[in-house]
There are 2 protein chains.
Amino acid sequence: MNQTLPTIKEMAIRLKVSTSTVSRALSNHPRIGLKTRMEVQKLAKEIGYEANAKAIFFKEKRSNIIGVIVPQIREEFFSEAISGIESIAVEKDYTILFAQSFDDPEREEKVVDSMRKQRVDGLIISLSKQTTKFSHFHKLDKLNIPVVYFDRVPSFSNAHKVYCDLYTGTIKMIQWLFKKGYRRIGLINGPSNLAASKERLKGYIDGIVKQHLKVDMQLVEETDFSKETTCRAMHKLLNQKHPPTAIISFNDYVHMDAVQFAISNNIKVNRDIAFVSYANLPITGHIAYPPLISIEQYPFAQGSKAIEVLISLIQNQAQIADTDFVSIEVSPDLKETPVVSSPYY
Amino acid sequence: MNQTLPTIKEMAIRLKVSTSTVSRALSNHPRIGLKTRMEVQKLAKEIGYEANAKAIFFKEKRSNIIGVIVPQIREEFFSEAISGIESIAVEKDYTILFAQSFDDPEREEKVVDSMRKQRVDGLIISLSKQTTKFSHFHKLDKLNIPVVYFDRVPSFSNAHKVYCDLYTGTIKMIQWLFKKGYRRIGLINGPSNLAASKERLKGYIDGIVKQHLKVDMQLVEETDFSKETTCRAMHKLLNQKHPPTAIISFNDYVHMDAVQFAISNNIKVNRDIAFVSYANLPITGHIAYPPLISIEQYPFAQGSKAIEVLISLIQNQAQIADTDFVSIEVSPDLKETPVVSSPYY
DNA sequence: AAAAAATGCGCATTCGGTTGCGCAAAATTC
DNA sequence: GAATTTTGCGCAACCGAATGCGCATTTTTT
């Protein structure tokens with residue numbers, strides 16, 4: 001067990017030169033003679049010298065570490081996004097410090113604090129559902145730690161953001177349905193207090209209006225994401241005088257529950273009623289009745305974009321005025337469900 | 001923009017004491033008088049002083065950072081595992097440095113190296129499918145960085161491991177099927193070169209033998225995880241003189257593809273043929289035909305266990321002999337698919 | 001009242017590198 | 001051959017905190 005690691009000091013002693021010479025020789029400083037340089041580098045290789053990154057980071061006041069906080073990694077959207085973030089990070093020699101808020105503002109504050117204490121070079125975060133306080137983020141400003149919000153972004157404008165515009169996506173979706181001949185379009189939305197639900201509803205209403213259809217709030221139901229309330233919503237939608245001929249589900253999970261309910265009510269999925277959804281998860285490639293189309297939100301791309309923005313912020317920190325805020329809207333697309341290979345365990 | 005952060009030096013000057021006094025006052029050293037202590041702590045609060053963790057980590061030679069490497073975060077098994085790791089980490093004031101190998105040994109080596117350079121306090125890793133070289137891990141030993149392998153663990157014994165014994169799980173599953181009256185049990189296995197496939201096959205054979213049934217290799221097919229080969233495997237299984245009455249799929253994704261194929265061949269799922277699987281993913285709670293039972297591998301628990309072992313290794317580093325290796329087998333269970341709420345995007 | 005112990009604080013070193021500056025020797029110029 | 005430039009290297013400061021040791025005071029003990 002090699003308790004003491006090789007340092008430049010040791011090498012300096014062994015080679016009877018100063019530590020500064022060793023340091024410069026290792027970084028190929030032209031002022032160090034070729035002979036000395038070679039000797040130093042040879043010895044370094046021999047004893048397996050490796051600079052202590054902690055010492056350097058300490059002196060240089062950077063760590064090459066980027067913090068990433070998402071509500072829950074088990075949500076496929078976020079695991080894809082992190083995958084995108086991580087793959088760019090490795091490319092650019094950054095590492096990812098990872099944490100989850102579990103949609104709890106208190107935990108979010110705690111993990112943001114711990115990232116601050118670790119002095120990450122920058123932070124990428126998708127906010128918890130309930131975040132209303134931003135004081136823990138302001139503390140980052142004092143340390144000059146740039147923040148890029150993604151997907152669940154704050155509403156104020158003085159922040160760097162990368163997100164997907166579901167409002168427009170919803171309008172596109174309704175346009176698509178209209179073109180296919182669907183006129184009574186239902187929506188199983190999420191809880192009305194969520195921003196994501198409001199966005200969808202706004203897009204839904206404006207989309208309906210845009211096609212010169214009548215907005216009928218009988219066609220809008222809510223789910224709290226449990227199978228029960230989704231089924232209840234389906235029940236209400238199906239048992240009206242004029243039931244919908246197309247149903248938009250809040251996400252692919254809700255879609256699956258809705259489809260199951262439809263089947264058990266002898267409805268021919270995508271024939272009697274068309275089902276469409278948001279998200280476009282890999283799993284939908286394996287289910288019997290995937291949505292006809294999904295709104296693809298490109299989590300991997302959003303993640304990649306977010307870290308690219310962040311790295312440029314980090315590297316140009318000095319030149320950036322407080323008033324330049326990056327705001328990137330990833331345009332959602334309508335996508336049919338692709339066939340995918342299953343992951344391997 | 002507060003370019004210069006408060007340091008003990010500044011506080012020392014302002015209070016006309018030495019930095020050592022400030023340092024000790026902040027940590028409530030008894031040798032510092034109560035009055036001085038209070039003054040220092042008051043000023044610290046006022047100017048929002050916070051010790052520079054980098055300086056401390058540098059001096060103390062630890063970072064409170066634990067590295068975690070998995071093949072792919074988008075595999076639900078691993079995202080659950082990391083969730084388990086992260087939740088314990090936050091509790092114990094560690095943070096998680098995260099990376100993926102994407103099942104590429106070269107990338108694995110690269111990310112292990114970057115974790116080493118970052119001087120993580122310890123490493124948790126699930127190996128890539130193809131890892132055969134371990135030199136990058138040996139380099140960690142020199143730095144006294146303990147490693148805990150989980151799920152995909154190496155075969156040599158001198159390593160700390162946490163994993164799930166699928167061999168036993170498979171035997172249990174066959175016993176369960178036998179008790180339910182199934183006698184012709186098929187297996188859609190993964191590629192035969194994978195350790196995970198070998199383990200399942202061994203369990204399958206021994207399980208069949210244990211029930212005094214005859215091993216019939218006609219009942220064992222392979223998939224490369226694409227829908228096509230899974231369907232081909234199903235086709236072969238169904239078109240024999242005596243087709244299986246129960247089918248074990250390699251994982252829930254393969255299960256879904258297999259079930260889809262069965263349905264399109266007018267087979268009543270779980271009536272004509274019983275379907276069982278490994279993994280027990282949250283998504284199976286949303287599909288129409290979940291496996292009758294799944295082998296639950298407790299990824300969250302495995303992750304939690306792994307980090308607990310690692311933290312104890314880190315904290316008792318001095319006392320631990322090189323010969324004490326922890327090896328924890330998480331016992332797999334047979335589980336019916338639970339109904340779950342959908343995650344929210 | 002002298003000796004011993006407790007109190008309160010500062011000096012200087014350490015962690016492992018990087019870097020500005022200076023100085024001597026060698027090489028070049030005029 | 002003197003002046004200038006280039007080459008090669010070392011000294012010492014610095015990053016921000018922790019800490020062993022020592023030195024005065026003050027307090028307690030005998």
Side-chain angles (χ1 to χ4, degrees), chain A residues 2-41 43-44 47-65 116-121 142-145, chain B residues 2-41 43-44 47-65 116-119 121 142-144:
Chain A
N2 213 349
Q3 274 296 2
T4 106
L5 291 168
T7 66
I8 53 168
K9 208 176 290 179
E10 283 173 32
M11 298 175 61
I13 294 171
R14 284 184 58 169
L15 293 173
K16 296 194 210 312
V17 294
S18 73
T19 58
S20 26
T21 301
V22 175
S23 172
R24 281 190 258 249
L26 288 172
S27 53
N28 276 313
H29 194 288
R31 274 305 185 77
I32 303 300
L34 189 60
K35 209 185 89 198
T36 315
R37 240 189 292 174
M38 291 320 230
E39 280 173 13
V40 170
Q41 294 185 8
L43 178 62
I47 62 175
Y49 169 80
E50 221 172 41
N52 182 339
K54 272 192 205 151
I56 297 174
F57 293 159
F58 167 51
K59 188 169 173 17
E60 307 286 314
K61 297 174 183 305
R62 53 175 188 81
S63 56
N64 276 24
I65 297 179
R116 176 168 47 78
K117 283 179 192 150
Q118 286 282 356
R119 298 286 201 269
V120 293
D121 288 348
K142 288 190 197 154
L143 296 177
N144 287 326
I145 299 175
Chain B
N2 212 351
Q3 274 296 5
T4 106
L5 290 168
T7 65
I8 53 168
K9 208 176 292 179
E10 283 173 33
M11 296 175 62
I13 293 170
R14 283 183 58 170
L15 293 174
K16 297 193 212 310
V17 294
S18 73
T19 58
S20 24
T21 300
V22 174
S23 172
R24 281 191 257 252
L26 289 172
S27 53
N28 276 313
H29 193 289
R31 273 306 184 75
I32 303 299
L34 189 60
K35 209 184 91 198
T36 316
R37 240 188 292 173
M38 291 320 231
E39 278 173 14
V40 171
Q41 294 187 7
L43 178 62
I47 63 176
Y49 169 80
E50 222 171 42
N52 183 339
K54 273 192 203 151
I56 296 173
F57 293 159
F58 166 51
K59 189 169 174 10
E60 308 287 315
K61 299 175 184 303
R62 51 174 192 81
S63 56
N64 276 25
I65 296 178
R116 177 169 46 79
K117 283 180 191 148
Q118 286 282 356
R119 299 284 201 269
D121 288 348
K142 288 190 196 153
L143 296 178
N144 287 325

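Letters A, B, ... mirror the listed sequences (proteins, then strands); counts begin at 1. Because the structure is a prediction, the values reported are computed rather than measured.
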Engineer: Without swapping roles, check the side chain of A:E50 against the backbone of B:K117 for a donor-acceptor pair under 3.5 Å.
Structural biologist: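 Not a single qualifying donor-acceptor pair exists.
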Engineer: For the pair made of CD in B:E50 and C1' in D:dG16, what is the distance, rounded to whole Å?
Structural biologist: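 So the CD-C1' distance, B:E50 to D:dG16, works out to 14 Å.
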Engineer: Of the candidate nucleotides C:dG17, D:dA17, D:dC15, which contains the atom at the shortest distance from the side chain of B:I8?
Structural biologist: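 Selected nucleotide (nearest to the side chain): D:dA17.
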Engineer: Side chains of A:S23 and A:S20: any donor to acceptor distance under 3.5 Å?
Structural biologist: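 Per modelled atom types, A:S20 and A:S23 side chains form no pair under 3.5 Å.
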Engineer: Kindly give the heavy-atom pair with the smallest separation between A:K54 and B:F57, and that separation in Å.
Structural biologist: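 Taking every non-hydrogen atom into account, CD-O, 3.8 Å.
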Engineer: Please report the end-to-end axis angle for the helix from C:dA1-D:dT30 to C:dC30-D:dG1, five pairs per end, rounded to 10 degrees.
Structural biologist: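 One end axis against the other gives 50°.
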Engineer: To the nearest 0.5 Å, how far apart are CG in A:L143 and NZ in A:K61?
Structural biologist: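 That separation rounds to 11.0 Å.
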Engineer: Output yes when at least one side-chain N/O atom of A:K9 is less than 4.0 Å from OP1 or OP2 of C:dT14, else no.
Structural biologist: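 No, outside the criterion.
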Engineer: May I ask you to decide if A:H29's main-chain N or O and A:R24's side chain share a donor-acceptor pair within less than 3.5 Å?
Structural biologist: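 Judged by distance alone, no pair lies under 3.5 Å.
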Engineer: Give the rounded distance in Å between these two atoms: CG of A:N52 and P of D:dC15.
Structural biologist: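 One finds 19 Å between P of D:dC15 and CG of A:N52, rounded.
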Engineer: Going from CG on B:N52 to CD1 on B:I56, what distance comes out if it is rounded to the nearest 0.5 angstrom?
Structural biologist: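 Nearest 0.5 Å value for the CG-CD1 distance: 7.5 Å.
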Engineer: Whole Å only: how far is the NZ atom of B:K117 from the C1' atom of C:dG16?
Structural biologist: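 Rounded to whole Å, this separation is 17 Å.
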Engineer: Given A:V17, which partner from the list A:T19, A:I13, A:L15 fulfils the side-chain contact (heavy atoms from CB on, under 4.5 Å) test?
Structural biologist: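 Running side-chain contact (heavy atoms from CB on, under 4.5 Å) over A:T19, A:I13, A:L15 with A:V17 returns exactly one hit, A:L15.
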Engineer: Cut-off 3.5 Å, side chains only: do B:N64 and A:Q118 have a donor facing an acceptor?
Structural biologist: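 Not at all, the side chains of B:N64 and A:Q118 share no donor-acceptor pair under 3.5 Å.
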Engineer: Expressed as a whole number of angstroms, how long is the span from B:M11:CE to C:dG10:P?
Structural biologist: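 In whole Å, C:dG10 P lies 13 Å from B:M11 CE.
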Engineer: Would you say A:K61 reaches D:dG16's phosphate, i.e. side-chain N/O to OP1/OP2 under 4.0 Å?
Structural biologist: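 Answer yes for this pair, as a side-chain N or O of A:K61 is under 4.0 Å from OP1 or OP2.
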Engineer: Donor-acceptor pair, B:D121 side chain versus B:R62 backbone, under 3.5 Å?
Structural biologist: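 Not confirmed, B:D121 side chain does not pair with B:R62 backbone.
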Engineer: Could you work out, with side-chain hydrogen bond (donor to acceptor under 3.5 Å, both in side chains) as the rule, every residue matching A:E10, not counting sequence neighbours?
Structural biologist: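 Not a single residue meets the side-chain hydrogen bond (donor to acceptor under 3.5 Å, both in side chains) criterion with A:E10.
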Engineer: What's the closest nucleotide to the A:F58 side chain, out of D:dC15, C:dG8, D:dC11?
Structural biologist: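 Closest nucleotide among those given: D:dC15.
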Engineer: If you check the A:T7 side chain, which of C:dT18, C:dG16, C:dG8 turns out closest?
Structural biologist: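 Output: C:dG16.
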Engineer: Rounded to whole Å, how long is the line connecting atom NZ of A:K54 with atom P of D:dA18?
Structural biologist: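 That distance rounds to 15 Å.
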Engineer: Please give me every residue in residues 19-33 of chain B whose heavy atoms get under 4.0 Å of an atom in DNA chain D, ordered by residue number.
Structural biologist: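 Only B:S20, B:S23, B:R24 qualify.
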Engineer: Do any side-chain nitrogens or oxygens of A:K35 fall under 4.0 Å of OP1 or OP2 in D:dG8?
Structural biologist: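 It does not, given that no N or O in the side chain of A:K35 lies less than 4.0 Å from OP1 or OP2 of D:dG8.
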Engineer: In whole angstrom, what separates B:R62's CZ from D:dA17's P?
Structural biologist: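 Atom CZ in B:R62 sits about 15 Å away from atom P in D:dA17.
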Engineer: Separation of B:K16 atom NZ from C:dC11 atom P, in whole Å?
Structural biologist: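 Rounded to the whole Å, the gap is 14 Å.
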Engineer: Which part of the nucleic acid, if any, lies within contact of B:F57, taking any heavy atom under 4.0 Å across all strands shown: a base, the sugar-phosphate backbone alone, or nothing?
Structural biologist: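 Since no nucleic acid heavy atom lies under 4.0 Å of B:F57, the category is nothing.
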Engineer: If I take atom CD in residue B:E60 and atom C1' in nucleotide D:dT19, what distance separates them, rounded to the nearest angstrom?
Structural biologist: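 Taking CD of B:E60 and C1' of D:dT19, I get 10 Å after rounding.
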